[in-house]
Amino acid sequence: MATLSDTPPQDDAPTAVLRAKGVSLGFSGTTILQGVDLDVQPREFVAVVGASGVGKSTLLRALAGLISPRKGKVEIPAGNSPDTRAWSMVFQAPRLFPWRRVRANVELGLEGLSLSKAQRRERALEPLALVGLDEYAERWPHTLSGGQQQRVGIARALAVRPRVLFMDEPFSALDAITRRRLQNELVDLRRRSDAAIVFVTHDIEEAVLLADRVLVLGGGTDDAPAGMRDVIEVALPQEERREQAGFTECVQRIEGLIGTSAADDAP
Amino acid sequence: MSRLSRPRRLSISALGLAGFIALWEASLRAGLLPGNLVPLPSTIPGVFWAEIADGIWFEVVRSSLSHYAVGVAIGSLLGITVGVGAALVPTFNALHAWLARLLRPIPPLAWIPFAIIWFGVNPTAAAFIISIGVFWINYFTSYSAVRAVDPGYDEVAIAFGQQRFVDRLAKVSLPAAAPGILGGLRAGLGQGWMTVVAAELFGIPGIGQRMMEASGLLATDIVVVYMLTIAGLYALFDALFMVVQRRMLRWQP
Ligand SMILES: Nc1ncnc2c1ncn2[C@@H]1O[C@H](COP(=O)(O)OP(=O)(O)OP(=O)(O)O)[C@@H](O)[C@H]1O
Ligand SMILES: [Mg+2]
């Protein structure tokens with residue numbers, strides 16, 4: 001039995017929930033992205049930005065372990081609780097299973113965890129309520145709007161109580177009004193969830209609006225793969241971020257980083 | 001094309017059928033068709049009743065149904081299993097691909113000699129022949145249905161901890177391919193009836209054998225009674241299947 005004094009000190013040495021070191025990614029002959037280092041702390045929100053085709057989605061898949069990196073190491077320390085998963089993902093398209101009702105879709109990740117049927121049901125309804133869709137639990141996915149389906153996708157990912165939540169441009173397919181609303185919901189949701197979030201987007205304002213840190217990818221040329229341009233700390237309070245003085249400045253700085261090629265800041 | 005309202009469509013269809021029968025009856029009575037080759041429609045109900053009263057109708061229908069049920073069940077089950085297996089397991093697919101290509105063009109009825117040599121002139125032989133045609137329909141439709149499943153669903157399943165093959169088979173491949181697989185099953189139900197009669201023409205008791213007997217006696221009215229019987233049974237099975245199918249696919253828009 002562990003006593004209190006045996007517990008390692010946690011406050012001054014928070015253990016990263018995700019560690020990536022020297023990650024290179026590619027398909028068949030070519031390397032598309034190289035040298036990505038990233039440590040994600042508990043409850044941290046990291047946005048990943050970069051031009052289309054730079055390898056954001058591929059990086060996210062590699063961080064999640066859905067594909068293996070060409071070089072380097074990715075580690076998501078396993079948790080020890082039998083009723084949660086280390087990570088889960090919100091995909092760009094909601095990709096709900098049309099043959100399952102909304103609640104059964106949210107239960108997908110809970111199947112195989114040590115939960116009874118009743119517990120699974122309860123654990124699915126909880127995040128559905130969080131995204132405001134508990135009323136829709138028994139509906140078929142095709143009877144939901146695109147924004148509602150995306151919210152079910154978020155509920156499905158939250159249901160497993162992940163330590164790392166990966167989100168791949170979750171709002172990019174939505175209209176501006178719905179996107180704005182879901183962005184606000186996500187800010188809200190962070191207060192109620194313990195998950196660290198790795199959020200891919202090509203929308204720099206969205207990244208600065210939501211994230212604690214922004215990982216900027218870019219610098220690829222015809223004969224050199226892209227890489228990490230910089231990691232920007234967003235030192236702005238979470239409330240009403242858009243209206244803060246530093247907001248536009250931060251967005252512009254990232255835009256500048258993406259726009260320039262690696263050769264430009266070579267000494 | 002302009003659309004007809006449902007009652008209007010139904011009444012036009014009924015009119016078409018009734019018109020055909022009336023024309024048939026009239027041409028026979030007018031001597032335009034040879035009466036010894038074509039039966040008079042108005043005599044059919046009486047002949048039908050006689051077949052039922054003799055107990056012959058129930059006997060042959062029962063026996064055909066048993067061939068049909070066994071043949072369709074075995075053919076469908078094997079066809080779906082092999083088709084889904086081929087779609088999901090590349091090695092298995094490669095292993096049997098040439099064999100399938102070789103056997104596929106052989107019509108079910110071409111297996112009759114083997115069926116009789118292997119099983120004799122008995123119900124097993126009939127069920128075997130029926131199962132062959134049903135097998136191929138189910139094999140090809142379920143193979144293509146599973147192949148057409150969006151691989152994105154598999155990625156979702158894996159991302160949510162469903163790594164095991166059986167989990168993804170039950171939670172992704174089968175439900176996602178269900179519309180196609182059920183379509184194949186339904187086509188197989190129809191294909192089964194086509195081979196039932198042919199398989200029984202060789203003396204295996206059933207509707208086919210009864211029709212053969214009747215044609216030997218030039219009893220064309222009895223032949224027509226059993227043609228209608230097959231049409232009726234097919235319609236019944238198809239309607240029942242549609243009910244099940246609609247229930248299983250109620251998630252579809
Ligand atoms: N399965 C694949 N096979 C070969 N190349 C691929 C594959 N998937 C992606 N790529 C290539 O890898 C590069 C990165 O793709 P990725 O989808 O990660 O880009 P992205 O940054 O997410 O772009 P977007 O913002 O448009 O979604 C692209 O050049 C793409 O063509
Ligand atoms: Mg992408």
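Model, not experiment: these values are computed from the prediction. Below, each value reflects all heavy atoms present in this structure, side chains not excepted, and no hydrogens, waters or symmetry copies. Within every chain, numbering begins at 1; the chains are lettered A, B, ... in the order of the sequence lines, protein sequences first and strands thereafter.
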Heavy-atom contact with chain A under 4.5 Å, split by part of Arg250(B):
both
Within residues 138-149 of chain A, the residues sitting under 4.5 Å from chain B by heavy atom, in sequence order, are Trp140(A), His142(A)
Can you tell which part of Leu66(A) gets under 4.5 Å to a heavy atom of chain B, answering side chain, backbone, both or neither?
side chain
Name the region of Ala176(B), side chain, backbone, both or neither, that has any atom closer than 4.5 Å to a heavy atom of chain A.
both
Counting distance only, does the side-chain N/O of Trp99(A) pair as donor-acceptor with the main-chain N or O of Lys171(B) below 3.5 Å?
yes
So, the side chain of Gln162(B) versus the backbone of Gly109(A): is there a donor-acceptor pair under 3.5 Å, distance only?
no
In residues 114-131 of chain A, which residues are in contact with chain B at a heavy-atom separation under 4.5 Å?
none
Region of Arg156(A) in contact with chain B, defined by heavy-atom distances below 4.5 Å
both
CD (Glu155(B)) and CE (Met89(A)) are apart, to the nearest 0.5 Å, by 7.0 Å
Looking at Arg8(B), I'd like to know if its CZ atom is crowded, meaning that more than 12 non-hydrogen atoms belonging to other residues, nucleotides or ligands lie closer than 6.0 Å.
no
For the atom pair CH2 (Trp87(A)) and CZ (Phe160(B)), what is the distance rounded to the nearest 0.5 Å?
8.0 Å
Other residues, nucleotides and ligands only: do more than 12 of their heavy atoms fall within 6.0 Å of CZ on Arg192(A)?
yes
Whether over 12 other heavy atoms sit under 6.0 Å from Phe114(B) CZ:
no
Of all the heavy-atom pairs spanning Trp251(B) and Pro98(A), show the shortest one and how long it is.
CB-O, 3.2 Å
Relative to chain B, which segment of Arg95(A) carries a heavy atom at a distance below 4.5 Å: side chain, backbone, both, or neither?
both
Using non-hydrogen atoms and a 4.5 Å limit, figure out which bit of Ala157(A) sits close to chain B: side chain, backbone, both or neither.
both
Contact origin within Leu113(A) toward chain B - heavy atom pairs under 4.5 Å
neither
Within 6.0 angstrom of Phe165(B) CZ, more than 12 heavy atoms from elsewhere
yes
Closest heavy-atom pair and its distance - Leu96(A), Tyr153(B)
O-CE2, 3.5 Å
Can you tell me if Leu99(B) has over 12 outside heavy atoms packed within less than 6.0 Å of its CG?
yes
